[in-house]
Chemist: 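What follows is a single structure, and I will ask about it in a moment.
Note that the numbering runs from 1 along the sequence shown for the chain.
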Amino acid sequence: MENHDNNLAENENSGTNETEETLPSSSSSITDHEEADPKPDDDVAAATTAEAESPSPKKDDEEAEEEKKEETAASPASPPPSLENVSEEIDQFLVTLKQKNDENAAEKMDFEIPGFFERYSDLVEKKIAKYDAKGKAKWGEVAEEDSWLLETANRISKLIMLMKDHHHVEPEEKEIDGGNGNGKDSLVNRVTSIHQRVMSYLEEDFRFLMEECRIPTELDPGGNNNNNNDTKGKQQQQVPSSEQEEVKDQEGEIDESFPGYSDETIASLSKIAGEMISGGYESECCQVYIISRRNAFEEVHKKLGLERISIDDMVLKVQWETLAGNMIPAWINTLKQCAAVYFPGERKLAEAVFASCPSVAAGLFGSLSRGVVIQLLNFAEGAAMTKRAAEKLFKLLDMYETLREIIPKVNGLFPEESVEELKTEMNIAKSRLGEAAISIFCDLENQIKQETARTAVPGGAVHPLTRYIMNYLSVAGDYKETLEQVFKDHSKIERADSTSRPHNENDGVPEKQASSPFAAQVLRVMDLLDSSLEGKARLYKDVAQNNFFMMNNGRYILQKIKGSSEMSQVMGDTWIRKKSSELRTYHKNYQRETWNRVLACLNPEGLNVNGKVQKPVLKERFKSFNSLFDEIHRTQSSWVVKDEQLQSELRVSISGVVVPAYRAFIGRFAQIFDPGRQTEKYIKYQPEDIETYIDELFDGKPHQSIARRRT
């Protein structure tokens, strides 16, 4: 039984495992005898072997992972890559790629993003996160940090440009990523986000340098008012050796610290600006710059006394006294200093900060300077729009002259593309100031016509209208050249309520004397004033006082004209000779109407009859003389002659006629009276007394009657 079972087992093993028993021998046979034929089951065996040698994908991953772990465990731990090392790798990569691109300039090179791009992004993000959490040191405190920020901005800008220009997500790649193409785009987005954060810190550093590192202006706020009370004073001005000296001599202190940045600060600003612009953040950089510099100009304007003000406020709210006393002198000073100091300084600053981008520098300076100029021109237009008043003329002319002085310098001050526009704007503002000046000056005619007072000026004194008009014209003489230019430029402007007399009819003055529109206008004003004074002279019932008034006012007019070389040129020698002749006529008429009656009393005719003096007639003559002289002294001592020279001339001329005649009359007829009371009764004055009393005339002080004084 046992043998049977063993035989059965052997038969089974022999049948089922025949192949297995023969494979080793076959294998060995193939090895030893290469020409042996294979067994029938070789195909199955081969399939079985291939299946054993090809594990499933899951098993493959597990084995690979195990092998990786074993390798990691077997190899020593390597230190993580540093930011400096990865940065060097990227820089080297960029250099290499650039060289290849230069060699193949005809077409863009395609490349595969290295793994250290991701590592670099991780490390930069980590460092920026520290800035976000703890804050970044201010620029200049840690030089290494400043350099790192600039280098990082530059490097990332190049990476972004590289990835955008040379690496595109192809359709095949989108299919691999599920149709989204997120593999490479996500890295671009990540690097762009890092770039934005780096640029935000550079922007803050740029703002810090612009605002906190600027030396504030040291101008004295009152420095612009040194010559407020001297409207013109042209004759005293000296020709300066330079524009800055001119401003300093005329307007006071110069801001020598402008624009107020050290060379080191400007160098840092230039580096940051260059990186921001090359990195695509030009707009942000320029916005910080322009805001900062506008604030700087606002500070300068305030220090110079010029506050920002709208045209409406100037016209409706601000008192002219405030404008004339403070704001207009400050405006003139500011405009002159802008042209001499601030605009050139601002241009140099922009060109230094944006040295890598001259077009940006020109654009920023053009925008900034235009804003400042327009603000100043708005002030000028506001002043021209204020209500017309005679006292405003000379301040408006000061502004006109300032613009006239600045406009020729525009070509050298501003960028070429801004010059024509700014010139046009300046000329418009100058023209409006000129139109306002003409309107005001021509309004003198209306002021003369509207002076219709029906009360005579006491004492035949110089009329207030005469003083006002002549003082006005005397100051206008200082602006002769400017007014001539203004009138010439605006000669076609219609003048409301002007006289109907043709321009060239100037009462005998040759046409060449009124060759300019300004001269013609002055002559019309003078003729109107003469006509007005003639009407006012008729208010005096006394003919002598009528002539005295005209002589007094005429003398004042003539002296004012002669006292101004400019107005003398305007009026001309012919007018001056004619006016002098009129004064002599008024003088003669006054003296005739007043003193001829006195002299008639001293006329010896009619006193002798048949060789004998008629004593009653003589007594009457002395009584008449005493009465007339006493009345004239009492009346005309209150008459007013402020011109000391005219006053003296009148007294001398009167004494020269009356005193000799009186002395001769007394010398001839005094002995006729009995000595004593009779003589004292009729001969009240000695010649010396007459001279003394004449010297009391025209001083505007009413004197007590001589008769009462003597009693």
Side-chain angles (χ1 to χ4, degrees), residues 459-460 542-545 547-548 551-552 555 583-711:
D542 184 354
V543 176
Q545 195 169 16
N547 283 274
F548 178 86
M551 174 186 61
N552 210 358
R555 176 61 175 252
L583 292 183
R584 287 192 293 271
T585 300
Y586 291 133
H587 186 182
K588 290 178 181 178
N589 291 342
Y590 155 75
Q591 198 155 306
R592 183 184 66 247
E593 294 293 332
T594 301
W595 297 102
N596 279 4
R597 292 181 299 155
V598 174
L599 293 175
C601 297
L602 303 177
N603 190 343
E605 291 182 8
L607 290 178
N608 286 306
V609 177
N610 298 323
K612 185 177 181 181
V613 175
Q614 302 294 312
K615 197 171 184 180
V617 178
L618 181 62
K619 290 180 180 179
E620 192 62 33
R621 290 283 184 90
F622 272 105
K623 286 175 64 178
S624 297
F625 175 87
N626 293 336
S627 176
L628 280 172
F629 188 80
D630 188 26
E631 176 64 21
I632 291 171
H633 177 271
R634 182 182 62 81
T635 302
Q636 296 192 13
S637 61
S638 64
W639 289 10
V640 180
V641 177
K642 292 294 185 182
D643 186 328
E644 293 182 358
Q645 183 179 352
L646 176 61
Q647 186 184 68
S648 176
E649 289 175 359
L650 283 170
R651 289 170 177 172
V652 168
S653 67
I654 294 169
S655 295
V657 173
V658 176
V659 173
Y662 185 70
R663 180 178 285 111
F665 192 78
I666 288 180
R668 183 175 179 181
F669 297 107
Q671 68 274 13
I672 302 299
F673 296 110
D674 296 333
R677 291 185 60 186
Q678 192 176 50
T679 301
E680 292 178 0
K681 180 178 179 181
Y682 295 104
I683 305 177
K684 293 183 177 181
Y685 310 110
Q686 294 301 313
E688 295 77 12
D689 296 330
I690 296 295
E691 192 169 359
T692 298
Y693 290 132
I694 288 175
D695 284 343
E696 292 179 354
L697 301 178
F698 319 126
D699 60 5
K701 299 175 182 178
H703 289 280
Q704 188 179 17
S705 170
I706 298 175
R708 293 183 180 180
R709 205 187 308 179
R710 295 173 64 89
T711 56

Chemist: For Pro604, enumerate each residue passing the side-chain contact (heavy atoms from CB on, under 4.5 Å) test, keeping only those at least two apart in sequence or located in another chain.
Modeler: Arg668, Phe669

Chemist: Kindly give the heavy-atom pair with the smallest separation between Glu593 and Ala544, and that separation in Å.
Modeler: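 Closest approach of Glu593 to Ala544: CB-CB, 3.7 Å.
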
Chemist: I'd like to know whether the aromatic ring centres of Tyr685 and Tyr662 sit less than 6.0 Å apart in this structure.
Modeler: no

Chemist: May I ask you to check whether over 12 heavy atoms, not counting those of Glu644, lie within 6.0 Å of atom CD?
Modeler: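 Counting neighbours around CD of Glu644, 12 or fewer heavy atoms of other residues, nucleotides or ligands fall under 6.0 Å, so no.
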
Chemist: Report the residue from Asn589, Thr594, Asn552, Thr585 that forms a side-chain hydrogen bond (donor to acceptor under 3.5 Å, both in side chains) with Asn547.
Modeler: Asn589

Chemist: Just grab all the side chain to side chain donor-acceptor pair (under 3.5 Å) pairs involving residues 604-613, residues at least two apart or on different chains.
Modeler: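 The answer is none; no pair qualifies.
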
Chemist: Which residues pass the side-chain contact (heavy atoms from CB on, under 4.5 Å) test with Gln545, sequence neighbours left out?
Modeler: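 For Gln545, the residues satisfying side-chain contact (heavy atoms from CB on, under 4.5 Å) (neighbours in sequence not counted) are Tyr540, Asp542, Trp639.
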
Chemist: Return the OG to CG distance between Ser637 and Asp695, rounded to the nearest 0.5 Å.
Modeler: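 Between atom OG of Ser637 and atom CG of Asp695 there are 12.5 Å.
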
Chemist: Step through the shown structure and confirm whether more than 12 heavy atoms of other residues, nucleotides or ligands are within 6.0 Å of NZ on Lys619.
Modeler: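 Counting other residues, nucleotides and ligands, NZ of Lys619 exceeds 12 neighbours.
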
Chemist: Using the test side chain to side chain donor-acceptor pair (under 3.5 Å), find all partners of Lys615 that sit at least two apart in sequence or belong to another chain.
Modeler: Gln678

Chemist: So do Gln671 and Val613 actually touch side chain to side chain, heavy atoms under 4.5 Å?
Modeler: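 The answer is no, as the side chains (C-beta and beyond) never meet within the 4.5 Å cut-off.
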
Chemist: Look up atom CD in Glu631 and atom CD in Gln636, then write down how far apart they are to the nearest 0.5 Å.
Modeler: 9.5 Å

Chemist: List in chain and number order the residues that pass salt bridge (charged side-chain N to carboxylate O under 4.0 Å, His left out) with Asp643, two or more places apart in sequence or in another chain; answer none if no residue qualifies.
Modeler: Arg555

Chemist: Can you tell if the side chain of Phe665 reaches within under 4.5 Å of the side chain of Leu599, non-hydrogen atoms only?
Modeler: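 Result no, sub-4.5 Å side-chain heavy-atom pair not found.
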
Chemist: In chain order, what residues pass the ring pair (Phe, Tyr, Trp, His ring centres under 6.0 Å) check against Tyr682, with sequence neighbours excluded?
Modeler: Phe673

Chemist: By side chain to side chain donor-acceptor pair (under 3.5 Å), which residues pair with Thr692, not counting sequence neighbours?
Modeler: none

Chemist: Contact between Leu646 and Glu649 at the side-chain level, heavy atoms closer than 4.5 Å - yes or no?
Modeler: yes

Chemist: Can you spot which of Phe698, Trp595, Tyr586 makes a ring-ring contact (aromatic ring centres under 6.0 Å, His included) with Phe548?
Modeler: Phe698

Chemist: Would you please name every residue forming a side-chain contact (heavy atoms from CB on, under 4.5 Å) with Val659, sequence neighbours left out?
Modeler: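 Counting only residues at least two positions away or on another chain, Val659 forms a side-chain contact (heavy atoms from CB on, under 4.5 Å) with Ser655, Arg663, Pro687, Ile690, Glu691, Ile694.
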
Chemist: Please give me the minimum heavy-atom distance between Asp689 and Lys684, naming the atom from each residue.
Modeler: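 Of all heavy-atom pairs spanning Asp689 and Lys684, the closest is OD2-O, 4.5 Å.
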
Chemist: Could you list the residues that satisfy salt bridge (charged side-chain N to carboxylate O under 4.0 Å, His left out) with Glu620, not counting sequence neighbours?
Modeler: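 By the salt bridge (charged side-chain N to carboxylate O under 4.0 Å, His left out) rule, Glu620 matches no residue at all.
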
Chemist: Kindly compute the distance separating OG (Ser638) from CG (Leu697), expressed to the nearest 0.5 Å.
Modeler: 10.0 Å

Chemist: Sequence neighbours left out, what passes side chain to side chain donor-acceptor pair (under 3.5 Å) with Asn626? Give chain and number order.
Modeler: none

Chemist: Grab the two heavy atoms, one from Leu583 and one from Met551, that are nearest each other, plus how far apart they are.
Modeler: CD2-O, 3.6 Å

Chemist: Which atom names give the shortest non-hydrogen contact between Cys601 and Leu628, and what distance separates them?
Modeler: SG-CD1, 3.7 Å

Chemist: Would you please name every residue forming a side-chain contact (heavy atoms from CB on, under 4.5 Å) with Ser653, sequence neighbours left out?
Modeler: His587, Gln591

Chemist: Quick one: CZ on Arg597 to CG on Leu602, what's the gap to the nearest 0.5 Å?
Modeler: 13.0 Å

Chemist: Any chance you could measure Asp630, atom CG, to His633, atom NE2, to the nearest 0.5 Å?
Modeler: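 So the CG of Asp630 and the NE2 of His633 are separated by 8.5 Å.
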
